[in-house]
There are 2 protein chains.
Amino acid sequence: MSDTDELLSIRAAELYYEENQTQDEIGVILRLTRWKVGRLLASAKANGFIRIEIVHPRARRLPIERRLRESTGLTDAIVVSSAGVSSDAELQSRTAQAAADYLTSLRPIPRTLGISWGRTLHDVSLHLKQGWAPGVNVVQINGGVSLNQRTGTAASTAVTIAHKADGSATLLPSPAIFERLETKQAMEADRTVAGVLALARNAQAYVFSAGQADANSALVDSGYLTVEQIDDLVSRGAVGDVVGRYIDANGRIVDPELNERTVGIQIDQLRRAPLTIAVISGNNKHAIARAVVRNGLCTVLVTDEDTANALLQEKDTP
Amino acid sequence: MSDTDELLSIRAAELYYEENQTQDEIGVILRLTRWKVGRLLASAKANGFIRIEIVHPRARRLPIERRLRESTGLTDAIVVSSAGVSSDAELQSRTAQAAADYLTSLRPIPRTLGISWGRTLHDVSLHLKQGWAPGVNVVQINGGVSLNQRTGTAASTAVTIAHKADGSATLLPSPAIFERLETKQAMEADRTVAGVLALARNAQAYVFSAGQADANSALVDSGYLTVEQIDDLVSRGAVGDVVGRYIDANGRIVDPELNERTVGIQIDQLRRAPLTIAVISGNNKHAIARAVVRNGLCTVLVTDEDTANALLQEKDTP
DNA sequence: CGCGCATCTGCTCAGATGAGCAACAATCCC
DNA sequence: GGGATTGTTGCTCATCTGAGCAGATGCGCG
């Protein structure tokens, strides 16, 4: 397009979008036919001079969602807008809200819903509305009785989600990680625990988050792992944890021995499940989000715009 | 509007603006009539959820221009958008470009154009296109042979503007400020200089910028004033300089004695002129811009969005 | 319970807009 | 210089959209 046409398209856009003039009127002002004005406006849009943003906590980015679905093979992607967000916490709250919305609109409603625990899932539970689904049985899919936090963070998440659905919660009364393999095996042998795990394995849908592998991990906070252990895992390629299990960029378990001592469903169970919803948001979670999506650990991803763009970008530069 | 309607309006906006769906189609998706969709979209706009921005160096902000004209009585206001601008320099360059555009479109074309000098005016001269006006006589309205900068900054501005208009430049061969009043008076008595000043007083239009009163002033750079002198002026109420003369917030000369030693047209000559174009941009120039506009020193203001908003804001809070 | 008021909903209709088409202009290549 | 190709312009027509209106619905108050 010629330089003067570019300038004209800007003048036209000002009159059209800021002054609410009709294309006809703009034609009179700029001494153009209204068709020319229409084409100038179209070219201004095509050149990206017109930026339309939806500024609202509940706003989503549908075009990015579509591109994500197409490039990753996810069955669904929910991407919340980061327009006007000032903090990571706000972004995560928006994402949790979107996840809650998604769960609410799920059809068919899953009879059994397997969930992990953590800050994100807790947030999701708070955003669900009373009566969001009728009679869902919520089951914990990984261990999580906190060692040194106020008890019940993990349990309360499940209970809240179940309560708001007028359903029941099945808790997994076990630590996330045992120090000795034998203790873990003994625990799993217990009839009650085995029953919960069987239920977890047969859930119709899973909702989980993921943590970046760093010193702020919830597993460190809870006392299951030390910072040194995390450093070691990172040096062996770990990018983050999913249902308490550390994986590398290729979705493989980093430390099989540690994995064996971890209570809950296996990574492979997520891979096989027909509906697994990952809720991952925050600027430091791009790597683990990539690992989860790339390796088919979820069928649905709920995330924020920045993380989604990070996922898309690497696709373009193989 | 109800909460669920607000959410619906966001969903509708996503489909309308990001997915280019028709209101009819959106109605089918959201199970609404197309009229309802139309109203939801209108309400999303009214609530400010839809932000439309024109991102282009030449973009202007017409609504702000209109409000400025209405609230200040300016005959014209040109406000460049600051969308996507990273530095003050870029903003000033955009403003200079807009000033050049404005000059180019001036009708009737002034036969004699009085200009000041400085970084901004120089920028304007560079943005003018060859042949922007036929045969304008450009005349300097204040002294400005640099003392310690590379010679000719002031002169080259006038010459460039005149040259690009295929016109002539009349320079004011004098320092901006004399140390002794007598020298200044002797200078003005000189036939040549008196002739230039007479021409300057009779110019049909003026273009000038203004400087904030601080250590970075061009008058300090050029060696006419010391930082201490500026501090003194500020302590006496000076907010900045116009054609080399320091004024306070009420548009009054701060130091009459200094003013007497300054060569060029008087502030009052600007007040009386039918067409005076002030080009003022930058985040540190809000105060001097306010003084210029409030006190009728210009009839046309070319500025940036931030400065314009600063001018408008104070109007709202008297 | 019934009335009046305010809001909401679906509609008509006219004006605004985008897609597609034919005529025309500009450019390029022999 | 001639012909082909590409891009531009003004137009017709079908579709989309907003204003205005009448009836429906909901709400508060006596």
Side-chain angles (χ1 to χ4, degrees), chain A residues 1-56 58-63 65-67 101 105 129-131, chain B residues 1-56 58-63 65-67 101 105 129-131:
Chain A
M1 188 180 42
S2 83
D3 196 50
T4 94
D5 262 18
E6 180 170 320
L7 188 50
L8 273 177
S9 76
I10 296 301
R11 296 282 154 264
E14 288 160 1
L15 294 164
Y16 192 72
Y17 291 107
E18 303 203 321
E19 299 284 78
N20 295 315
Q21 304 250 27
T22 165
Q23 295 185 5
D24 248 347
E25 296 170 316
I26 297 171
V28 172
I29 294 172
L30 300 180
R31 295 156 199 286
L32 302 165
T33 61
R34 72 181 182 79
W35 297 283
K36 177 77 178 173
V37 173
R39 284 176 186 129
L40 286 173
L41 288 171
S43 80
K45 259 192 194 167
N47 286 327
F49 299 149
I50 314 297
R51 176 184 298 164
I52 301 184
E53 235 179 17
I54 303 173
V55 188
H56 192 280
R58 307 285 279 269
R60 284 164 49 187
R61 301 301 318 277
L62 304 186
E65 294 182 358
R66 181 151 31 78
R67 283 196 289 149
D101 290 346
S105 66
K129 286 227 292 254
Q130 189 60 43
Chain B
M1 189 179 42
S2 84
D3 197 50
T4 94
D5 262 19
E6 180 170 320
L7 189 50
L8 273 178
S9 75
I10 296 301
R11 296 282 155 264
E14 288 161 2
L15 295 164
Y16 193 72
Y17 291 107
E18 302 204 320
E19 298 285 77
N20 296 315
Q21 305 251 25
T22 164
Q23 295 185 4
D24 249 345
E25 296 170 315
I26 296 171
V28 172
I29 294 172
L30 300 180
R31 294 157 201 286
L32 301 166
T33 60
R34 72 183 183 80
W35 298 282
K36 177 78 179 172
V37 173
R39 283 173 187 130
L40 285 172
L41 288 171
S43 81
K45 258 191 195 171
N47 286 326
F49 299 150
I50 314 296
R51 177 183 298 164
I52 300 184
E53 231 178 21
I54 303 173
V55 188
H56 193 280
R58 307 285 278 269
R60 283 164 50 186
R61 301 301 320 275
L62 303 186
E65 293 182 359
R66 181 150 31 77
R67 284 196 289 150
D101 289 346
S105 66
K129 288 227 292 253
Q130 189 61 42

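A, B, ... follow the sequence lines: proteins, then strands. Residue 1 opens every chain.
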J.: Considering only dG10(D), dT9(C), dC11(C), which nucleotide approaches the side chain of Trp35(A) most closely?
T.: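 The closest nucleotide is dG10(D).
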J.: Does the side chain of Gln23(A) get closer than 4.0 angstrom to OP1 or OP2 of dG18(C) through an N or O atom?
T.: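 For dG18(C), OP1/OP2 do have a side-chain N/O of Gln23(A) under 4.0 Å.
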J.: Check every atom of dG10(C), dT17(D), dT17(C) against the side chain of Thr33(B) and return the nucleotide holding the closest atom.
T.: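 Comparing dG10(C), dT17(D), dT17(C) against the side chain of Thr33(B), the answer is dG10(C).
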J.: Measure CG/Leu32(A) against P/dT8(D) and give the value in whole Å, please.
T.: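 Rounding to the nearest Å, CG of Leu32(A) and P of dT8(D) are 15 Å apart.
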J.: Looking at Tyr16(A), does any N or O in its side chain come under 4.0 Å of the phosphate oxygens OP1/OP2 on dA16(C)?
T.: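 Tyr16(A) to dA16(C) OP1/OP2: no side-chain N or O under 4.0 Å.
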J.: What is the bend of the helix from dC1(C)-dG30(D) to dC30(C)-dG1(D) when you compare the axis at one end with the axis at the other, using five pairs each and rounding to 10°?
T.: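 What I find for the helix from dC1(C)-dG30(D) to dC30(C)-dG1(D) is an axis angle of 30°.
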J.: How close or far is atom P of dT8(D) from atom CG of Leu8(A), stated in whole angstroms?
T.: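 After rounding, the gap between these two atoms is 14 Å.
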J.: Could you state the atom-to-atom distance from CG of Leu40(B) to P of dT17(D) in whole Å?
T.: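 To the nearest whole Å, that distance equals 14 Å.
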J.: Expressed in angstrom and rounded to an integer, what is the separation of Asp5(B) atom CG from dT9(C) atom C1'?
T.: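 Value for this atom pair: 12 Å.
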J.: Once rounded to the nearest 0.5 Å, what's the spacing between atom NZ of Lys36(A) and atom CG of Leu30(A)?
T.: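 Answer for the NZ-CG pair, Lys36(A) versus Leu30(A), is 11.0 Å.
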J.: Taking for each residue the nucleotide of DNA chain C with the nearest heavy atom, is it Lys36(B) or Leu41(A) whose nucleotide lies nearer the 5' end?
T.: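 It is Lys36(B) whose nearest nucleotide is closer to the 5' end.
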J.: Check the distance between dG18(D)'s P and Asp24(B)'s CG and give it to me in whole angstrom.
T.: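 It is 12 Å, rounded to the nearest whole Å.
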J.: What pairs meet the side-chain hydrogen bond (donor to acceptor under 3.5 Å, both in side chains) rule with one or both residues in residues 22-35 of chain A, with sequence neighbours excluded?
T.: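 Sorted result for residues 22-35 of chain A: empty, none.
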J.: From the options Arg66(B), Arg60(B), Arg61(B), select the one residue that forms a side-chain contact (heavy atoms from CB on, under 4.5 Å) with Glu18(A).
T.: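 Between Glu18(A) and the candidates, side-chain contact (heavy atoms from CB on, under 4.5 Å) is satisfied uniquely by Arg61(B).
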J.: Between the base of dG10(D) and the side chain of Arg39(A), is there a donor and acceptor pair under 3.5 angstrom?
T.: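 For Arg39(A), whose side chain was compared with the base of dG10(D), there is a donor-acceptor pair (under 3.5 Å).
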J.: How close or far is atom P of dG15(C) from atom CG of Asn20(A), stated in whole angstroms?
T.: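 Nearest whole value for this atom pair: 19 Å.
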J.: Look up atom CG in Asp5(A) and atom CD1 in Ile10(A), then write down how far apart they are to the nearest 0.5 Å.
T.: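 Separation between the atoms: 11.5 Å.
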J.: Under 4.0 Å between a side-chain N/O of Thr22(A) and OP1 or OP2 of dG15(C), yes or no?
T.: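 No, because none of the side-chain N or O atoms of Thr22(A) sits under 4.0 Å from OP1 or OP2 of dG15(C).
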J.: Separation of Gln21(B) atom CD from dT15(D) atom C1', in whole Å?
T.: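 It works out to 15 Å between those atoms.
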J.: Of the non-hydrogen atoms in Leu62(B) and Glu14(A), which two are nearest, and what is the gap between them?
T.: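 Closest approach of Leu62(B) to Glu14(A), heavy atoms only: CD1-CB, 3.7 Å.
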J.: Could you state the interatomic distance from CG (Asp101(A)) to CZ (Arg58(A)), rounded to the nearest 0.5 Å?
T.: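 Separation between the atoms: 4.5 Å.
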J.: Taking all heavy atoms of Ser9(B) and all of Leu40(B), pick out the closest pair and write down the distance.
T.: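 Looks like CB-O, 3.5 Å.
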J.: Grab the CG-P distance between Leu15(B) and dT17(D) for me, whole Å please.
T.: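 Checked: the CG to P distance equals 12 Å.
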